[in-house]
Protein chains: 2
Amino acid sequence: MAVRIIDTHNLENIAMGAAVLGTGGGGDPYVGKLMAMAAIEKYGPVTLLSPDEVGDDDWTVAASMMGAPSVMIEKIPSGTEVIRAFEAIRDYSQKEIKALYPIEVGGVNSVVPIVLGAMTGLPIVDIDGMGRAFPEAQMVTFHLAGKQSAPMSIADEKGNTLIVNGTESIWNERIGRAALIAMGGSVMTCDYLMQGRDLKASGIHNTLTLAENIGEKVHSLRRQNQNPITALLDVLGGKLLFEGKISNLLRRNTGGFTKGEAYFDGINSYQGKRAMIGFQNEFLVAKVDDEIVTTTPDLITALDLETGFPITTEVLRYGSRVALIAIPCDPKWRTEKGIQVAGPRYFGYDIDYTPLSV
Amino acid sequence: MAVRIIDTHNLENIAMGAAVLGTGGGGDPYVGKLMAMAAIEKYGPVTLLSPDEVGDDDWTVAASMMGAPSVMIEKIPSGTEVIRAFEAIRDYSQKEIKALYPIEVGGVNSVVPIVLGAMTGLPIVDIDGMGRAFPEAQMVTFHLAGKQSAPMSIADEKGNTLIVNGTESIWNERIGRAALIAMGGSVMTCDYLMQGRDLKASGIHNTLTLAENIGEKVHSLRRQNQNPITALLDVLGGKLLFEGKISNLLRRNTGGFTKGEAYFDGINSYQGKRAMIGFQNEFLVAKVDDEIVTTTPDLITALDLETGFPITTEVLRYGSRVALIAIPCDPKWRTEKGIQVAGPRYFGYDIDYTPLSV
């Protein structure tokens with residue numbers, strides 16, 4: 001297999017496509033693009049490994065932004081946070097880390113490992129732990145497979161670092177979340193330090209490539225001035241839920257998350273109907289006229305009706321015209337444990353999960 | 001100098017006397033006594049070193065309870081927390097730690113290093129960083145001397161541990177405090193890892209011996225059925241502020257602290273007068289008839305009027321008959337930086353510090 005390189009060209013597609021799969025979370029692709037562009041221009045391109053190119057015994061680690069995306073866009077990470085998070089986990093674990101990978105698919109979190117890869121010279125693995133974005137650190141297929149997130153390193157822009165060694169991934173989430181609020185609301189973390197065999201067995205494969213393909217499609221449709229929604233649904237295997245204009249938006253930073261609801265008045269063939277999406281960093285439930293039409297762990301995404309560009313929770317605004325679409329989640333999430341960890345009841349919705357049919 | 005040993009006899013005096021100097025905080029001496037008794041009976045007595053017996057190059061570390069004392073008395077530490085906090089900082093720092101010391105003087109926090117000393121065989125140094133108790137981790141003479149609390153280790157009873165590497169002691173306090181709330185409100189910590197020369201230069205000397213002498217006095221007066229208040233004031237170099245009965249008590253666990261106010265109706269020669277003390281783990285201000293009579297960093301202590309036993313914030317209760325006394329703080333706290341770090345304004349009181357005169 002030829003060596004695959006992430007450079008400033010495919011980076012833009014990755015960030016864009018990852019934001020489509022990020023279901024409103026995982027960070028704004030424009031911010032992600034800027035962060036990784038700066039790193040690649042300074043340090044050079046990054047090698048992308050397919051999962052089967054990772055040695056079974058090689059140590060790998062995830063690098064990601066953790067916190068409220070609304071906070072992060074006001075203090076864009078400079079790269080020093082993620083390198084300190086990486087050094088902290090490397091020095092603490094005393095492992096020779098051979099490759100990096102994204103914890104989730106998202107406009108920022110798909111590119112954080114790319115930034116770190118450029119800085120360290122380490123390759124990135126084409127895999128992640130969600131196949132989408134989720135708000136909490138234990139919501140990964142690694143956790144479903146019984147892997148631990150500890151030790152987790154955390155670094156902020158002020159130079160503070162910490163190592164959290166919780167007995168369970170949920171304790172790392174609780175302790176890390178409390179700490180990151182004290183650290184200003186948004187930090188960089190490294191966790192799920194794993195050997196290649198475990199990463200390959202428990203991760204969701206080829207999601208960076210999938211994001212790149214989606215991003216390429218969005219950009220090429222945009223260049224051709226074509227309406228991208230229908231074409232994108234084909235690529236995504238997804239379904240149109242609603243077309244509307246944001247009529248009301250409740251968004252607050254609380255508990256280390258960006259939480260809220262967005263309300264939509266229907267347009268085009270949805271004239272006269274109303275819709276709502278509830279979010280905690282990511283979009284979790286979608287209702288049309290009081291009927292639940294999609295819930296987590298299936299993916300709900302908001303696309304700009306004109307451009308097809310994904311809109312993340314922190315940049316939703318009154319008056320935006322959007323298409324709401326839904327995409328089936330990876331089958332790993334449709335298990336009993338998957339639903340328990342990331343289904344609607346975990347987030348306090350009194351609803352059973354009904355798998356999205358397309 | 002003869003080897004000095006802490007055994008179950010002088011332990012009781014240390015815990016009692018430390019609670020007198022603990023100004024309402026630092027933990028209940030009965031809890032402290034039980035914890036250390038169990039450790040000494042199981043592992044044997046502990047050696048006490050005077051500060052000049054510590055080698056200049058020897059590494060030493062403080063061990064203490066951090067959190068709300070009201071929480072701790074409901075989940076008395078078993079010893080496994082403090083040994084895990086110790087192992088975490090030892091393994092992280094890779095230092096050969098030669099001796100332990102208390103971070104503050106208090107009914108629990110003077111004995112936490114004794115518990116750890118019994119378990120590890122390490123000696124305890126007759127020194128501390130406050131000469132009293134204070135609620136926050138940066139309120140130590142080590143901080144006044146420019147020493148850093150990082151790395152700080154934290155361990156809870158569930159098996160979670162963390163290492164906090166803040167750029168400043170105040171960041172360790174903020175991050176550690178947020179984390180300990182997520183961990184249940186009360187944890188064990190090790191911090192201010194220092195070499196002997198720094199410990200001796202910046203600590204307050206011989207405070208375990210002072211606590212032992214005070215405890216011995218309280219116990220012997222009690223055995224002789226003598227009113228202990230006047231005799232104790234002589235030993236302490238302190239001053240009687242008030243004698244009264246608690247008429248109202250506002251106490252809440254918030255932000256990882258036990259905070260509140262206690263109100264007193266005067267008795268004996270204080271009949272007709274009223275008093276108030278405000279606290280955040282420790283007693284911070286005392287008012288008599290709306291006149292501020294003592295503030296932090298000077299010591300305010302509540303003693304049971306009959307027995308002379310100290311009463312900590314978490315065991316204050318309606319109807320208790322107490323003597324409120326004040327003791328001048330160590331001169332290290334009466335400096336500009338000392339007042340800035342632990343004076344009344346830091347705690348939100350709009351009052352200048354006036355040194356207590358006895």
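Predicted model only: the values in this text are computed from it and were never measured. In what follows, every chain begins at residue 1, and chains take the letters A, B, ... in the order their sequences are listed.
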Practice prompt. With a 4.5 angstrom heavy-atom cut-off, could you sort out which part of B:I175 is near chain A: side chain, backbone, both or neither?
Written response: both
Worksheet entry | Max heavy-atom pair count under 4.5 Å with chain A, selected residue of B:R174, B:M152, B:K158 | B:K158
Worksheet, complete the sentence: In short, B:T167 meets A:N160 closest at the heavy-atom pair N-OD1, 2.7 Å
Practice prompt. For each of B:A155, B:G176, B:G166, tally heavy-atom pairs with chain A at distances under 4.5 Å, and name the one with the top tally.
Written response: B:G166
Worksheet entry | Closest non-hydrogen atom pair between B:W171 and A:M183, with its separation | CZ3-CA, 4.3 Å
Worksheet item: For A:T161, does its backbone N or O pair with a side-chain atom of B:N165 as donor and acceptor, under 3.5 Å?
Response: no
